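Here the structure comes first, spelled out in structure tokens, and everything after it is commentary.
Computed from a predicted model, the values in this text were never measured in an experiment. In what follows, chains are A, B, ... by sequence order, proteins preceding strands, each numbered from 1.
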There are 2 protein chains.
Amino acid sequence: MAGMTTAPEQIIVDSILDAIANHKLRAGTKLGEHSLSEIFSCNRTQVRRALATLTGYQVVEHIPNRGAFVTTPSERDARDVFQARQAIELTICGNVVQFETLPDFPPLHENIGAESRAIAAGNRAETIRLSRKFHLILAELGGNSVLERYLEELTMRSSLILGLYGGDTESQCASDDHCRIVAALEARDGAAAQAEMRAHLQHIEAEVDFTGARKPTGALSSLLL
Amino acid sequence: MAGMTTAPEQIIVDSILDAIANHKLRAGTKLGEHSLSEIFSCNRTQVRRALATLTGYQVVEHIPNRGAFVTTPSERDARDVFQARQAIELTICGNVVQFETLPDFPPLHENIGAESRAIAAGNRAETIRLSRKFHLILAELGGNSVLERYLEELTMRSSLILGLYGGDTESQCASDDHCRIVAALEARDGAAAQAEMRAHLQHIEAEVDFTGARKPTGALSSLLL
DNA sequence: GCCACTAAAATTGTTTACAAATTGTGTTGC
DNA sequence: GCAACACAATTTGTAAACAATTTTAGTGGC
């Protein structure tokens with residue numbers, strides 16, 4: 001497994017997902033097959049598969065004979081996504097405190113530390129990435145593979161929503177929220193952890209504002225790292 | 001839209017999903033591309049796309065260079081699926097009772113009626129189909145598109161699990177459970193509805209038994225209607 | 001100047017042919 | 001008789017050519 005090169009379609013999916021999560025790729029952007037095959041220097045077939053995968057994630061919209069576009073979430077989508085997140089993440093919190101053997105919290109602490117540093121350094125992209133990662137680590141600790149997979153999709157869609165309708169003050173206080181959640185989890189206080197998680201998700205959703213004009217849709221070029 | 005023929009890949013997906021839901025197609029069955037393209041008299045490309053969609057539903061497992069197989073759920077999968085169902089369906093119950101304008105319950109009643117009749121007639125396949133349909137109607141009434149989509153997948157996987165590990169007395173009492181859930185919903189008693197739903201899901205999960213030998217894997221021929 | 005129509009270019013969708021891998025079978029050697 | 005090897009057949013994976021659709025550009029008329 002030395003020279004094991006990652007499959008090109010996986011690279012495409014990850015790159016686009018990363019670009020969306022970091023608000024480098026905005027809603028409505030067209031994802032042309034030829035463009036992508038050139039950018040990633042691969043076959044159009046592989047691009048096609050990658051786009052199908054992303055469509056499954058509800059992160060890409062596929063219009064017949066027109067092509068693939070980064071999904072533009074509706075107001076209803078936003079509401080539904082955050083409610084689903086609450087249902088799932090509260091359950092995850094309940095799971096984490098219920099294990100006989102304590103799960104290893106160090107990864108969570110490391111993540112929170114890195115998050116604080118990223119905020120202090122003003123590194124917005126890294127802050128967003130680490131904030132999402134926090135929820136995914138927690139989901140993994142929950143031990144339910146179904147909820148984990150769903151949350152992967154939902155955090156992605158959340159990023160997309162915040163990129164379109166979110167304010168600029170985004171997730172400055174997220175690090176504190178995360179801290180409180182972990183504290184309650186370590187104290188094995190499930191109810192408290194769920195309360196903190198609920199509050200945290202409400203903080204995030206509160207940043208969404210549909211009244212203002214949607215941010216303009218960007219071009220497909222900020223993809224390459 | 002007169003002679004509008006449904007896309008072949010949709011037909012394939014629906015047929016396989018239906019066959020799985022009705023336990024006509026069992027876990028472990030190989031889904032050969034050539035076989036399917038002959039059965040549905042279509043191109044291999046379309047079969048391929050259909051299988052990819054089913055893989056996304058976690059209902060088909062794709063092994064590189066080996067082909068596609070009906071997923072064999074593990075014990076952990078079963079646990080995770082039913083816990084996820086609980087988280088999602090309790091939230092749906094909460095949603096249904098919260099709308100100002102009462103949702104239209106007639107479809108639910110019709111479904112329950114048909115279910116009772118199917119049970120009385122000893123029509124096992126129809127019973128299973130209608131039982132699943134009940135949960136999907138309820139999900140639609142809940143008004144959350146995300147939860148609705150997830151439940152579509154989870155009910156499918158539940159069918160797969162019950163087909164492998166379930167007893168033969170399956171879902172005889174389901175109709176009564178459904179009745180009680182709707183009654184609580186109509187009374188706008190969210191807590192009661194959630195309690196009934198929780199009990200119902202526990203009844204279903206109780207039918208799962210991992211100790212016995214897994215039922216044998218069938219051949220790919222019981223597909224055609 | 002603006003709208004409608006037409007033709008060309010670009011993009012998506014589908015089919016076909018080809019390559020790679022796996023499975024099954026038959027043979028040989030012990 | 002059994003195991004290991006080699007070859008053939010089947011099956012999946014990939015790429016390239018072809019067809020259909022949409023978009024864009026250009027032209028003519030009002």
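Here the P atom of nucleotide dG13(D) and the CZ atom of Arg49(A) are 8 Å apart, to the nearest Å. Nucleotide dT11(D) holds its C1' atom 13 Å from the CG atom of Leu36(B), rounded to whole Å. In this structure, Gln46(A) atom CD and dA16(D) atom P are separated by 11 Å, rounded to whole Å. A straight line from CG of Leu31(A) to C1' of dT11(C) spans 14 Å, rounded to a whole angstrom. Atom CD in Glu9(A) sits about 11 Å away from atom C1' in dG13(D), given to the nearest Å. For Glu38(B) and dT10(D), the CD to C1' distance is 13 Å, given to the nearest whole Å.
Checking dA16(D), dT12(D), dT14(C) against the side-chain heavy atoms of Asn43(A) singles out dA16(D) as nearest.
Proximity of Ile112(B) to Phe134(B): side-chain heavy atoms (C-beta onward) are separated by under 4.5 Å at one or more points. Residues Asn144(A) and Ile92(A) have side chains not in contact (no heavy-atom distance under 4.5 Å, counting atoms from C-beta outward).
Classification of Arg157(B) and Glu153(B) as a salt-bridged pair holds, one side-chain N sitting under 4.0 Å from a carboxylate O. Here Glu126(A) pairs with Arg129(A) in a salt bridge; the nearest charged N to carboxylate O distance falls below 4.0 Å.
Distances shorter than 4.0 Å separate none of the side-chain N or O atoms of Lys30(B) from OP1 or OP2 on dT22(C). Contact annotation: Arg48(A) does not reach the phosphate of dT14(C) (side-chain N/O to OP1 or OP2, under 4.0 Å).
The nearest pair of heavy atoms linking Gln46(B) to Glu9(B) is O-CB, 3.9 Å.
Residues of residues 55-70 of chain A that place a heavy atom closer than 4.0 Å to DNA chain D, in numerical order, are Asn65(A), Arg66(A).
For dG13(C), its base sits under 3.5 Å from the side chain of Arg44(A) at one donor and acceptor pair at least.
In this structure, the ring of His178(A) has its center no less than 6.0 angstrom from the ring center of His109(A).
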